[in-house]
Structure formats: structure tokens, C-alpha cells
Amino acid sequence: MKKMMIMFCCLLLLTSCGTQRELNELALILSLGVDVYEDTGYQVTMQIADPSEIISITGATSGTTSIPIVNYTGVGPTFVEALENAARQVSRTAFYTHMALIVVGQDLAERGIFPVLDILERETEIRENVPIVVAKQESAFHILNSLTMINKLPAYSIKGKLKMNEEGFGSTMMVTIKDFLVKKDSEASFPIISGVISPNYTEKTSTKENLEQAAPKSSLVSGLAVFDHGGKFLYWMKDEHKRSVLFMENRIQQAFVMLPCDEENQTAIKIMYAKTKKETSIEKGQAKLNISIKAEGEIDGLGCPNKEMTKKQIISGYEKELEKKIKEEVEAAVKEAQEQETDIYGFNDVLYRSKPDQWKRVKDSWEELFSEAEVHVKAEAEIKRTGNITNSN
């Protein structure tokens with residue numbers, strides 16, 4: 001018994017937190033930006049939280065206009081070497097667990113981003129649910145170098161804008177590393193990534209002087225980029241088609257549609273719910289795409305005077321106008337995809353799952369069949385609430 005007690009005490013003395021790392025020994029990586037360097041190489045921008053200026057990783061600061069981040073840039077013939085050259089400039093161990101964003105320059109997107117994402121996905125410290133964005137017609141370095149107000153961490157600011165624009169306006173999508181790689185590896189669709197811009201970027205955009213303005217320059221979420229199955233950028237979708245992507249992906253949480261109520265004024269409809277069903281069939285050698293959309297909304301702003309919203313015929317008229325608007329938007333968005341021969345909405349996957357035998361016969365010629373397919377869109381809309389004010393006067 002005495003020997004057992006001695007052994008137990010020895011074990012307690014030998015026990016320690018071998019994997020524990022002190023916070024003051026770590027460099028918290030908030031974001032990575034990747035651009036092309038000299039045609040074939042890579043430039044990596046590593047955004048790190050400055051512990052002397054930041055209180056909370058969520059973006060809360062001491063209330064001053066101090067700069068809470070530091071950007072280090074490294075270049076190299078491969079992504080790994082460029083990342084290492086950036087990390088060598090930091091006096092602490094790089095810690096990727098809190099990384100909030102990956103920004104890809106458009107030049108790299110055109111060359112292909114799969115090699116970069118493949119490496120990041122294999123890194124155990126980097127979570128696969130980190131969002132990706134494309135710097136629209138500019139570099140990832142400029143995006144991460146654009147200082148922001150409210151949320152003073154640029155990476156977290158962009159992530160917040162992605163979330164807000166998707167959930168509040170239905171105008172963009174938050175796409176993660178996992179989302180992209182799953183779509184790339186499947187036959188379901190072409191991957192889509194949201195774009196981000198830094199309008200009128202200058203050297204002052206990255207300085208304290210920018211933060212001391214009432215209207216500082218800042219990054220903005222803008223556009224949806226379509227990629228091929230090899231991870232190469234193909235084209236930017238037209239802005240008026242962005243909402244249709246969310247309709248087709250069943251990702252509409254809230255969106256605003258403006259409907260004319262007379263020759264000069266418009267009424268705002270807030271869509272609160274939408275559900276889309278897709279069907280694909282092959283009849284007599286031609287593909288037929290059927291899209292059924294059900295939407296529910298409410299009157300958010302009555303633009304026309306003297307409209308008695310209690311009258312059923314007025315509500316019915318707005319419902320028909322909303323159905324027409326949704327139908328026209330979705331038809332135009334699908335037409336753009338057909339012209340580009342990119343089945344970004346996954347009609348091929350619908351056919352594969354519902355009629356696998358048909359899919360086997362047309363698999364090799366699907367791009368041509370899709371581009372010439374008949375498209376039928378049916379929209380049903382219901383306005384649930386009109387608000388308490390029945391007359392805008």
C-alpha cells in the first residue's frame with residue numbers, strides 16, 4: 001500500500017500541460033490574403049492582432065483610433081514558402097485557431113485557388129468553416145490593408161458584412177473552405193464565392209488618418225464570383241442576379257423587393273420566407289428545368305398615398321406583382337448561367353438524384369443540354385402583414 005502511494009505521488013509530480021501555450025507567446029492570426037507574385041509565385045499577407053491595442057478578439061477596442069492590427073507580407077515560389085516568409089517576420093508563434101477570413105486576389109483566382117485551399121484544409125489549426133472572399137479586380141493586400149471603424153479588425157469587419165448582407169438583404173453568400181471544396185469535388189454545381197472591394201483605395205486608407213474621418217473609406221461586399229471545377233475563376237455574376245442565387249439555394253432569410261405602385265412611387269416588400277424546389281427531366285432529347293418558388297412577405301414601406309391596405313384587391317395586386325418580379329429575376333439569372341454554360345444552380349445534381357439512369361446517358365453532354373434547356377419558373381407569393389398604418393398620408 002505504501003509503495004502504491006509513493007507511485008501515485010510520483011505520477012502527480014510528472015503530470016503537466018505539455019501542449020499548453022501562453023497567450024503572450026502567440027501571434028493571433030486573424031486573416032490570410034493571397035495574391036500572385038511575379039506571374040507564378042505567391043504573395044501572402046498575414047493579418048495579426050496587435051495585443052497592445054486590442055482588448056477583445058471580437059473587435060472591441062479601448063475606444064481610441066489606434067490601429068489594432070499588423071499586416072506582414074511574404075513572397076515565395078510556393079504558397080507554403082510565402083507563408084513561412086511572412087511568419088518569420090513575427091516574434092511569436094503563429095496561432096491560426098482564431099482566423100476569421102481568407103482573402104484571395106482576383107489574379108490568383110484566375111490562376112486557380114485549389115492548391116491554396118487544399119493546403120489550408122489540411123492544416124489542423126485552421127477550421128474548415130473559415131469564410132473565403134475574392135478581392136474583386138484588386139489585390140487581397142489592399143483589402144486587408146483597408147482599416148475599418150465600428151469593428152476595427154478588418155477581417156472580422158468583412159466577415160460581419162458578409163453575414164449581415166446575406167441575412168438582412170439576400171445579396172451575398174458566406175462560403176467557407178469546406179463549402180468550396182465540397183462543390184468543387186462533386187458534380188453538383190460550380191463553386192460561387194462572394195467578392196469584396198476597397199473603393200478608392202489609397203495609401204491613407206491603411207493609416208490612422210482614415211479612421212479619424214466621419215466617413216472613412218472601408219471595404220465593401222460586392223458581387224458573386226463563379227469558379228470552374230478546377231478552382232479557377234470564370235466570371236462575375238450580374239449584380240441584379242445575386243438575389244436569385246440565394247432563392248435557388250434556399251438561403252433567403254430576408255430580402256427587400258421594390259414594386260411600383262404608380263408611375264412615380266414604389267412600395268417596399270420585405271420577404272421573410274422563401275422555399276424553392278427544382279426538377280430536371282429529359283424529354284425527347286431536351287432538358288427541361290422546372291423551378292417552383294413560394295415566398296412570404298410583408299409591406300415594409302408604402303410608397304403610394306391613398307392606398308387602403310385593408311382592401312383585399314390591393315393586397316392581391318401586390319402579391320401578383322411580387323410573383324412576377326421573382327419569376328423575371330430567376331429566369332434572367334438562369335439565362336445568364338445558360339449563356340455561360342455553367343450549371344451553377346445544380347440542375348445536374350437534381351437529375352442525378354431523381355433519375356440516375358437518365359443522368360448516365362446525358363452526363364457527357366450536359367453542358368450543351370443545359371445551355372439549350374427549357375426553363376419554367378412558377379412563383380407564389382403571399383403577403384402576411386400590411387402594418388398598422390393603412391394610409392401613407
Side-chain angles (χ1 to χ4, degrees), residues 15-35 42-62 67-74 76 78-104 108 113-135 140-141 143-148 150-164 166 173-182 193-194 196 219:
T15 303
S16 64
C17 299
T19 60
Q20 180 178 335
R21 289 182 285 183
E22 297 296 332
L23 186 61
N24 60 5
E25 298 175 353
L26 301 176
L28 302 181
I29 311 301
L30 305 179
S31 180
L32 291 178
V34 193
D35 294 300
Y42 292 85
Q43 174 179 294
V44 173
T45 302
M46 179 182 287
Q47 186 167 104
I48 301 175
D50 183 352
S52 65
E53 297 293 345
I54 191 168
I55 294 175
S56 167
I57 199 67
T58 60
T61 67
S62 59
I67 300 175
I69 55 96
V70 181
N71 289 331
Y72 291 97
T73 301
T78 66
F79 170 68
V80 172
E81 289 172 288
L83 182 63
E84 289 178 351
N85 288 332
R88 286 194 183 102
Q89 302 173 48
V90 187
S91 60
R92 301 183 178 189
T93 303
F95 188 62
Y96 296 92
T97 302
H98 288 291
M99 193 162 74
L101 189 72
I102 296 167
V103 185
V104 177
L108 181 66
I113 65 174
F114 174 69
V116 172
L117 296 185
D118 181 63
I119 292 170
L120 293 177
E121 198 267 341
R122 295 172 188 273
E123 173 57 52
T124 55
E125 275 192 4
I126 298 177
R127 292 171 289 112
E128 61 183 10
N129 64 345
V130 175
I132 321 166
V133 293
V134 178
F141 172 77
I143 297 299
L144 292 180
N145 227 31
S146 299
L147 299 179
T148 55
I150 312 299
N151 190 329
K152 295 187 179 182
L153 303 177
Y156 277 78
S157 177
I158 294 171
K159 184 178 179 180
K161 292 168 187 174
L162 283 171
K163 186 175 186 292
M164 184 271 294
E166 177 173 353
M173 293 196 305
M174 187 179 291
V175 178
T176 66
I177 296 175
K178 181 179 179 180
D179 295 334
F180 186 93
L181 293 178
V182 166
I193 299 179
S194 291
V196 62
S219 55

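Only heavy atoms go into these numbers, but all of them, side chains included; no hydrogens, no water, no symmetry mates.
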Got a second to check how far [X]'s [atom1] is from [Y]'s [atom2], nearest 0.5 Å?
| X | Y | atom1 | atom2 | answer |
| --- | --- | --- | --- | --- |
| F79 | D118 | CZ | CG | 11.0 Å |
| L30 | L101 | CG | CG | 10.0 Å |
| I69 | D50 | CD1 | CG | 9.0 Å |
| T176 | I132 | OG1 | CD1 | 6.5 Å |
| L120 | M99 | CG | CE | 5.5 Å |
| L117 | I126 | CG | CD1 | 10.5 Å |

K161 (side chain) donor-acceptor with S219 (main chain) under 3.5 angstrom: yes
Apply side-chain hydrogen bond (donor to acceptor under 3.5 Å, both in side chains) to [X] and list each qualifying residue two or more places apart in sequence or on a separate chain.
| X | value |
| --- | --- |
| T45 | none |
| E81 | T78 |
| N71 | Q47, N145 |

At their closest point, which heavy atom of [X] faces which heavy atom of [Y], and how far apart are they?
| X | Y | value |
| --- | --- | --- |
| I102 | S31 | N-OG, 4.4 Å |
| N85 | G76 | ND2-CA, 4.5 Å |
| R92 | A27 | CB-N, 3.6 Å |
| F141 | Q43 | CB-NE2, 3.9 Å |
| Y156 | A100 | CE1-CB, 3.5 Å |
| G33 | A140 | CA-CB, 3.8 Å |

Within the structure provided, determine whether [X] and [Y] are in side-chain contact (heavy-atom separation under 4.5 Å).
| X | Y | value |
| --- | --- | --- |
| V104 | V116 | no |
| Y96 | V130 | no |
| S194 | E166 | no |

Taking only residues two or more places apart in sequence, or in another chain, which ones meet A135 in a side chain to side chain contact (heavy atoms under 4.5 Å, CB included)? V103, E138, I143
Worked verdict on L32 versus L83 for side-chain contact (heavy atoms from CB on, under 4.5 Å): CA-CA 9 Å; L32 291 178; L83 182 63; 3.8 Å; yes
Got a sec, which residues hit salt bridge (Lys or Arg N to Asp or Glu O under 4.0 Å) with E128, two or more places apart in sequence or on another chain? K178
Kindly determine whether I193 and I113 satisfy side-chain contact (heavy atoms from CB on, under 4.5 Å), including the steps that lead there. CA-CA 11 Å; I193 299 179; I113 65 174; 3.9 Å; yes
Sequence neighbours excluded, which residues qualify as ring-ring contact (aromatic ring centres under 6.0 Å, His included) partners of F180? F227
